[in-house]
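Read through the structure below, which is laid out as structure tokens, and then see the notes.
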There are 2 protein chains.
Amino acid sequence: MADATLRDVARASGCSIATVSRVLAGTRPVGPETARRVREAAEALGYRPNQAARALRSRSTGTVGLVLPQITNPFYPALVRELTHALHADGRAVLLADCDDDPAAEAEYIDDLLSRRVDALLVIPADERRSRDAVAAAAARVPLVLMDRGCGPGIADSVAVDNAAGMALVLGHLAATGRRRVCYLGADGTASAAAERRAAYAAGAAVLDAGAPGRVALGDFSVEWGRAAVDLVWDARPDALVCANDLIAVGALQRLQQRGADVPGDVAVTGFDDIPMAALAAPGITTVRQPVAELAAEATQLLSRRLAAPGSEGPQRAIRLAPELVVRESSAVRGGDGAAARSTG
Amino acid sequence: MADATLRDVARASGCSIATVSRVLAGTRPVGPETARRVREAAEALGYRPNQAARALRSRSTGTVGLVLPQITNPFYPALVRELTHALHADGRAVLLADCDDDPAAEAEYIDDLLSRRVDALLVIPADERRSRDAVAAAAARVPLVLMDRGCGPGIADSVAVDNAAGMALVLGHLAATGRRRVCYLGADGTASAAAERRAAYAAGAAVLDAGAPGRVALGDFSVEWGRAAVDLVWDARPDALVCANDLIAVGALQRLQQRGADVPGDVAVTGFDDIPMAALAAPGITTVRQPVAELAAEATQLLSRRLAAPGSEGPQRAIRLAPELVVRESSAVRGGDGAAARSTG
DNA sequence: TGCGTTTCGGCAAACGTTATCAATGGCGGG
DNA sequence: CCCGCCATTGATAACGTTTGCCGAAACGCA
């Protein structure tokens, strides 16, 4: 049995296609009796509007493309979850593309999504520089919101956590709990998260410990780098390691424990993002929690606004949301009981 | 500048819409000179076919719906990654729906995806029983492949890991390394993964330790349950805890360490799935690695086959792939050096 | 009763593509 | 030299929806 169409419903309810369409879409008032008949017929036939036809006619697919660099990066699943929920709540569906950290693949996916006539795009760019052209071209065609990482200035609306504020929280916490010899295990990419956290650390560390700047080691956002980086700063005898994200922190923690260092007794460790693993490490890792649900809400709101306006009206917006410090055992006060301040499922 | 259409390309190349369509789709031979002109014009105008129109006309959207219970479950991101890559390689796009473990939401999403005219569905059912109706109804309309968890017999094609084989690998390994008092920390749901692993453990444990069956504690697939479950089987003085998945194993490991037990010295711990966290726990958790890429490949192949055939031809297939045992420190031989057999990024 | 105004319903034209059918021209076989 | 066939190409009808426009009926008011 083929799908029921407006035609079928019209025939069954004894009125015209146009009327059926109006009843179901509610675009224009329709007589109560007719409306009832139409609704009954639609129900009886199990009518489901054909979104392809609707898209063709109304030039809107009700679909948003979500392009991300690596779904296996443990920070993204939570973000994807919130984004899909927020978009579905708006009646939109999500086309997912994972570009495997490859800007070329990313460009291809963006192209494909555009050809599929997505109403808008949410992009977490794979590379600050090399993603730029494709993203800019796409932004010229549909509303586009950059998330998490930037992509050069003036490209599109963007939503991200306030990395500087987060880093300040960490440094403040460490200073308040008596840590004095802080080192930074960061990432050296041009990605905005890497750059901003790096800069914020530099700024904050100067204040914290003006005379003796903590050592800084830069690599990438991985557990392996976290392990390796510990050795690079070891000679500085740090009493705290500030890591640019939780993966680095996990690696650092492992290496510290291998070396027989006591965490947090000898050295505190902090991360960034609050991925699930941060809560589950032993000791739990103090970190900066990104307001994932709020980030998603802001992003979808931004999209809705652009979609509501006819042209790409209004100035570009760069939204930064304040993160929250989550204190766990890895930065407990020396001699303290080390109980988790909070724990996450 | 609006998107170029076939009309525009036709006008620019001085031939008819039909010819342009034929050149670009390659459906029928076309003169070499005309073809060249058409291709040049298309290139010059930046023509991209409108997939909505194509879908309307050809009754195929080139789109596959992927419905999963919880993207934040750390086992799924890797699967999603492989699935999207495999499908994109086939020229299909992926509509993602995360139903948050709620069968009602799942049914709604499936409905929405069908109304969006997905060519096929990939579903990881949220609940063995309560997902059944919606899945069966969907399977009657489009090719549908169940993944990871079953959904009652005879509903649709399915692809999953061979849970029994995996559990047998674990039990064999534990037996070979001298573990004698094994306990099972499992999940009691009707989900096939839970049921099959439970059954396989029961079968294997009977052989392993006929006289004194290991204790069994059943809860859900969570870290919290893993922590709690340890206390329930503690009195049995186990020298090995077989966990139904890695999350349980992580929780168990934490609780064991809290209790001061030496892992693997006093008690071995094993998991299932090989999520990233299993490799990163300290000690690394011995587990059963699901062949994620192969699962994805089989699933997409199954879909392609169904999509190629006109009706839903051919018998239903239930594919089970053999998993691989990954031995890490958590089950090292007592007195052994405890080095990881392998480690994962 | 006549007329402006509202309300409701239908007709038909798009949207951009694919697929069917007919028309054109060239060419070889009879 | 004519007929018919193949190779190309063009015109055109769908696909299922939304929507502008128009007619008809109903209603309010003087």
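The model shown is predicted, which means the values in this text are computed figures rather than measured ones. Labels below follow one simple rule: chain letters A, B, ... track the order of the sequence lines, proteins then strands, and each chain is numbered from 1. FYI, side chains are in, hydrogens and waters are out, and symmetry mates aren't considered; it's all heavy atoms of this structure.
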Next on the checklist: How many whole angstroms separate atom CZ of Arg7(B) from atom P of dA13(C)?
Outcome noted: 15 Å
Checklist entry - If you check every side-chain atom of Ala18(B), which of dT19(D), dG10(D), dC8(C) has the closest atom? => result dG10(D)
Checklist entry - How many angstroms lie between SG in Cys99(B) and CD1 in Ile71(B), if you round to the nearest 0.5 Å? => result 11.5 Å
Item to check | For atom CZ of Arg28(A) and atom P of dT18(D), their distance in whole Å | outcome: 14 Å
Checklist entry - Of all the choices, dG10(D), dG16(D), dT17(C), which nucleotide is nearest to the side chain of Leu56(B) once you look at every atom? => result dG16(D)
Checklist entry - Out of curiosity, Leu24(A) CG to Arg48(A) CZ, how far, rounded to the nearest 0.5 Å? => result 10.0 Å
Checklist entry - When the distance from CZ of Arg116(B) to C1' of dG16(D) is rounded to whole Å, what number comes out? => result 16 Å
Next on the checklist: Check this one for me: any side-chain N or O of Thr5(A) less than 4.0 Å away from OP1 or OP2 of dG16(D)?
Outcome noted: no
Checklist entry - Does OP1 or OP2 of dG9(C) have a side-chain N or O of Thr19(A) closer than 4.0 Å? => result no
Checklist entry - Is any N or O donor-acceptor pair between the side chain of Arg57(B) and the base of dA19(C) shorter than 3.5 Å? => result no
Checklist entry - Do you see a donor-acceptor pair shorter than 3.5 Å between the side chains of Ser304(A) and Asp90(A)? => result yes
Item to check | Test side-chain hydrogen bond (donor to acceptor under 3.5 Å, both in side chains) applied to Asp157(A) and Arg305(A), Arg317(A), Arg306(A), Gln316(A), the passing residue | outcome: Arg306(A)
Checklist entry - CG of Asp3(B) versus C1' of dT17(C): gap in Å, rounded? => result 14 Å
Checklist entry - Atom OG1 of Thr61(B) and atom CZ of Arg116(A): how far apart are they, to the nearest 0.5 Å? => result 7.5 Å
Checklist entry - Roughly, in whole Å, what's the span from CG in Asn50(A) to P in dT18(D)? => result 10 Å
Checklist entry - To the nearest Å, how far apart are Leu6(B) CG and dG16(C) C1'? => result 7 Å
Checklist entry - Any side-chain N or O of Ser21(A) under 4.0 Å from OP1/OP2 of dT18(D)? => result yes
Next on the checklist: On the nucleotide dT19(D), are OP1 or OP2 found under 4.0 Å from the side-chain N or O atoms that Thr27(A) carries?
Outcome noted: no
Item to check | Nearest-Å distance for atom pair CD1/P, residues Ile17(B) and dT18(C) | outcome: 11 Å
Checklist entry - Taking N and O atoms by type only, does the side chain of Arg59(B) place a donor or acceptor under 3.5 Å from a partner on the base of dT17(C)? => result no
Item to check | Atom pair distance, as rounded to whole Å: CZ in Arg54(B) and C1' in dT17(D) | outcome: 20 Å
Checklist entry - Is Arg22(B) side chain donor-acceptor paired with the dG10(D) base, going by distance under 3.5 Å alone? => result yes
